[in-house]
Amino acid sequence: MQFNLQQQASHRNLSYLVAEKIALRILSGEFVAESILPGENELCEIYNVSRTAIREAVKMLTAKRHVTGKTSYRYQSYA
C-alpha cells in the first residue's frame, strides 16, 4: 500500500514538472500563443513521460489558463 502512495506522489510531482516545462515554453514564445501544442504522443516523446502525466500536466495548465480545451486531441496555448 505504501508503495502505491509513493508512486502516486511521484506521478503528481512528475506531472507538475512537465506542466512547469510546458508553461515555460509557452511563456518564452517557443510554443506560440494561440497556436496548437504538439499532440499527446509527441509531448510524451519530448518529455519521456506517459500520456497520463501529460494529461495531468495539461489539466494544471488549463486551470492556470495557459492552455484552452482540447481540439482534436491537441491543446491550444495562450500566454
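One-based numbering along the sequence shown. As a basis for the values below, the full set of heavy atoms in this structure was taken, side chains included, without hydrogen atoms, waters or symmetry mates.
- Cluster membership check: I46 shares its hydrophobic cluster with V49, using side-chain heavy-atom separations under 4.5 Å among Ile, Leu, Val, Met, Phe, Trp and Tyr.
- Nearest approach of S15 to A57, heavy atoms of both residues: O-CB, 3.5 Å.
- The shortest heavy-atom contact between T62 and V67 is OG1-CG2, 3.2 Å.
- Considering only residues two or more places apart in sequence or on other chains, K21 meets the salt bridge (charged side-chain N to carboxylate O under 4.0 Å, His left out) condition with none of them.
- Considering CG of L43 and CZ of F31, their distance stands at 6.0 Å, rounded to 0.5 Å.
- Rounding to the nearest 0.5 Å places CD1 of I22 at 12.0 Å from CG of L27.
- The OG1 atom of T68 sits 8.5 Å away from atom CG of L37, with the distance rounded to the nearest 0.5 Å.
- The shortest non-hydrogen separation linking R25 to S28 is O-OG, 3.2 Å.
- The shortest heavy-atom contact between A19 and L61 is O-CD2, 3.4 Å.
- In terms of heavy atoms, I26 sits closest to H66 at CD1-O, 3.9 Å.
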